[in-house]
Amino acid sequence: MALQFRDTLSGETRAFVPLSREQTTIYSCGPTIYGPAHIGNFRSFLFADLLVRWLRARGQVVRWVVNLTDIDDKIIRAAAAEGVEIRAMTDRWEAVFRADMAALRMSTPDVMPRATEHIPEQVALVEQLLANGHAYRADDGSVFFRIASWPAYGALARLDPEAMRVGERVESDEYSKDDVRDFVLWKAAKAGEPSWETAVGTGRPGWHLECSAMSMRHLGEQIDIHTGAIDLIFPHHEDEIAQSEAATGKTFVGTWMHCAHLQVSGDKMSKSLGNIARVSELLAAGADPRALRFALISAHYRTSLNYTPDSLAAAGAAISRLDAFQTALRARVAGGIAGSGDADASAQTIAASSWERFARSMDDDLAVPEALAALFDLVRDGNRALDAGCSGAAATAMLATLEQIDATLALLPAAAELPHGAAELLEARRAARAAKSWSDADRLRDELAALGVVVEDGRDGQRWRIGGVGE
RNA sequence: GGCGACGUACCCAAGUGGUCUAAGGGGGGGGUCUGCAAAACCCUUAUUCGCCGGUUCGAAUCCGGCCGUCGCCUCCA
């Protein structure tokens, strides 16, 4: 099966063909950096990470942009409330976000542009839209996009523009405009708010504008894939399409991909329920970042994911199973037993078929649950082959498949390093076991455990791995 | 009110017309192996897919109704 993705705009799952064979361009709506990101935010970002990793695993060159929204109403209010400079505050939360990204093994985007560093690009878009009649200036100097000038408006969200006139919430709008449905491109300066003096007036950009401008600046006027969570479909992405295509006359995005929300024990995460799980807080409390990653990527991106109090422990157990399998494979590779024909043959078959099934699943609109089933079948069947006495060469083949799969999933432990003193303890325990000094061996095992080193004995001898939380 | 998604075992979660007497992970129970432990393996834990009708030779999968949950309908990942 060829690579295919579901596109929100057309509603179809269709073969993915990038505009250029040289490079695939992806833009992901990133965080507003005014506070710690929560696990719902990261579900969305890790979905994009999986997409990028999978395309790269298939050999495509991917250029990935994730923006940082560093100017908007919430940021202005938060900085004012704290009495700090906006830049100081956004710098601080950007650092936290980057630390969370690294901990959860999200690939580092090629560019992480900030809205405030792309004012000229945004102004140019506004000028273009004013010039071609898709935008107009209001009495206070703000500039709005004229939705009436864009018949396709509403296509992404499947909203009827006419119906949107009903239920208009005029009072919530702070700016005057011709039509309540119109959205702001440029906000005229207001007292106490940051502003830029530009060709379209003194003010600041509206939220939707930054993504169009930065996407064009770093990826070109047309890109292959744009990702985000479903709540961004309307109005954010709808507005991006309108302003981008009205400005360039070209199709803005080839494939729109949106992930469903995460829920906590069946409820929406919300301040009122007090159930917002923030990544940096979970990690500080000792959550295993690999387990958290597993928990957040394990459901299909287009279905809601229910995060419960048991999720981390269940994910941790699954991760531990992967670790143990990798350790056992390495022990067999190093130990090199003679091997049995049957076990070797089945190991080779398992190694090849597991990869095929994994790849087929990922190709099918990132069917991660099915891909994980392929991975865990590899673990079970691989353990079986190990038990049946397969050779080191056969184990090498399975290890290669495991690691090939992990290039996309990023769940296996980082290259393990023994804590200081552990190597000596391991050697002492090996000697103790050889001498059948069981009490010494058991004591040494406990000492190693205290250092976070899990020791297991098998037919390939003593083997160890780093266990427990953190890592 | 409009648009859309969903309801599968104790929990998480695939499957969307026959190969489903329903994948995978976690948890529970029993067993094998092992100096012990751990790991691993084996058996077991939904004849059933919210409920009621219908279409079909055949439905978890299609259609209709009902119940329930969630999302969007102007700045929320």
Side-chain angles (χ1 to χ4, degrees), chain A residues 11 28-32 37-48 69 72-74 147 154 157-160 163-164 166-169 172-173 180-184 206-208 227-236 238-239 258-263 265-270 294-295 298-300 302-325 327-328 331 361 367-377 379-384 386-388 433 436-439 441-442 445-446 449 454-459 463 465 467:
Chain A
S28 300
C29 280
T32 299
H38 56 64
I39 57 176
N41 296 315
F42 265 96
R43 183 198 186 186
S44 172
F45 303 142
L46 291 178
F47 140 64
T69 296
D72 85 333
D73 293 348
K74 292 193 300 279
I147 283 172
R158 289 175 172 67
L159 289 171
D160 177 1
M164 288 165 58
V166 184
E168 56 194 41
R169 294 195 246 169
S172 70
D173 188 59
V180 290
R181 303 170 303 163
D182 292 344
F183 61 92
V184 68
W207 174 41
H208 313 301
T227 76
I230 48 172
D231 56 276
L232 293 181
I233 293 173
F234 195 89
H236 188 52
E238 192 74 58
D239 291 353
H258 293 96
C259 79
H261 277 164
L262 170 150
Q263 299 196 316
S265 299
D267 293 317
K268 175 180 181 173
M269 266 198 298
S270 71
F294 184 93
S298 56
H300 187 95
R302 281 190 286 104
T303 65
S304 60
L305 183 162
N306 192 20
Y307 182 88
T308 73
D310 297 332
S311 293
L312 266 185
I319 289 287
S320 183
R321 186 165 158 76
L322 296 177
D323 290 4
F325 180 52
T327 305
S361 304
V368 172
E370 173 68 17
L372 285 173
L375 170 62
F376 282 99
D377 280 349
V379 174
R380 188 196 56 237
D381 293 341
N383 275 136
R384 227 182 253 166
L386 286 171
D387 285 354
R433 291 194 75 236
K436 298 195 190 304
S437 303
W438 306 127
S439 60
D442 292 349
R445 182 167 60 201
D446 289 344
V454 176
V455 183
E456 292 159 354
D457 303 308
R459 66 194 294 175
R463 58 177 190 252
R465 60 192 162 94

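Per chain, numbering begins at 1; letters A, B, ... match sequence-line order. Remember, it's a predicted structure, so these values are computed and weren't measured experimentally.
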(message) Please compare Q263(A) and R158(A) by the position of their nearest nucleotide in RNA chain B and report the one closer to 5'.
(response) R158(A)

(message) Regarding N306(A), tell me which of base, sugar-phosphate or nothing describes its non-hydrogen contacts under 4.0 Å with the strands shown.
(response) sugar-phosphate

(request) Would you say whether F376(A) stacks on rG24(B)? The test is a distance between ring centres of less than 5.5 Å and an angle between planes of less than 30°. (result) no

(request) Between rG64(B) and rC6(B), how far apart are the P atoms? Round to whole Å, please. (result) 14 Å

(message) Can you measure D72(A) atom CG to rC76(B) atom P for me and round it to whole angstrom units?
(response) 7 Å

(request) Could you measure between the two C1' atoms, the one in rA46(B) and the one in rA9(B), and give it in whole Å? (result) 5 Å

(message) Measuring only the P atom in each nucleotide, how far is rG29(B) from rG68(B)? A whole number of Å is fine.
(response) 38 Å

(request) Give RNA chain B the dot-bracket treatment, 5' to 3': Watson-Crick (N1-N3 with N6-O4 or O6-N4) or G-U (N1-O2, O6-N3) under 3.5 Å, [ ] crossing, | other strand. (result) ((((((((.[[[..)..(.....]]]((((((.......))))))....[[[[[..)....]]]]])))))))....

(message) Need to verify one output field. Residue with the more 5' nearest nucleotide on RNA chain B, K74(A) or H300(A)?
(response) H300(A)

(message) Just the rounded figure in Å: distance from P of rC36(B) to CG of D457(A).
(response) 11 Å

(message) When the P atoms of rC11(B) and rG27(B) are compared, how many Å lie between them, rounded to an integer?
(response) 15 Å

(request) For residues C29(A) and L232(A), determine if any side-chain heavy atom of one lies less than 4.5 Å from a side-chain heavy atom of the other. (result) yes

(request) Could you list the residues that satisfy ring pair (Phe, Tyr, Trp, His ring centres under 6.0 Å) with H236(A), not counting sequence neighbours? (result) W207(A), H208(A)

(message) Between rG18(B) and rA13(B), how many Å separate the two C1' atoms, rounded to a whole number?
(response) 24 Å

(request) Starting at atom CD1 of I230(A), determine the distance to atom C1' of rC75(B), rounded to an integer number of angstrom. (result) 16 Å

(message) What is the distance, to the nearest angstrom, from the CZ atom on R384(A) to the P atom on rC42(B)?
(response) 4 Å

(message) Among rA77(B), rC36(B), rG26(B), which nucleotide has an atom closest to any side-chain atom of A317(A)?
(response) rG26(B)

(message) Roughly how many Å apart are rU69(B) and rU48(B), using the P atom of each and rounding to a whole number?
(response) 26 Å

(request) Compare the minimum distances between each of rA77(B), rC42(B), rA39(B) and the side chain of R380(A), then state the nucleotide with the smallest one. (result) rC42(B)

(message) Under 4.0 Å, heavy atoms only, any strand: does L305(A) hit a base, just the sugar-phosphate, or nothing?
(response) sugar-phosphate

(request) State, with a plain yes or no, whether a side-chain heavy atom of H261(A) is found less than 4.5 Å away from one of M269(A). (result) no

(message) If I pick the C1' atom on rC51(B) and the same atom on rA60(B), what distance separates them, to the nearest angstrom?
(response) 14 Å

(request) Answer whether the closest heavy-atom distance between the side chains of Y307(A) and L312(A) falls below 4.5 Å. (result) yes

(request) Sticking with atom P, work out how far rG31(B) lies from rG24(B), rounded to a whole angstrom. (result) 24 Å

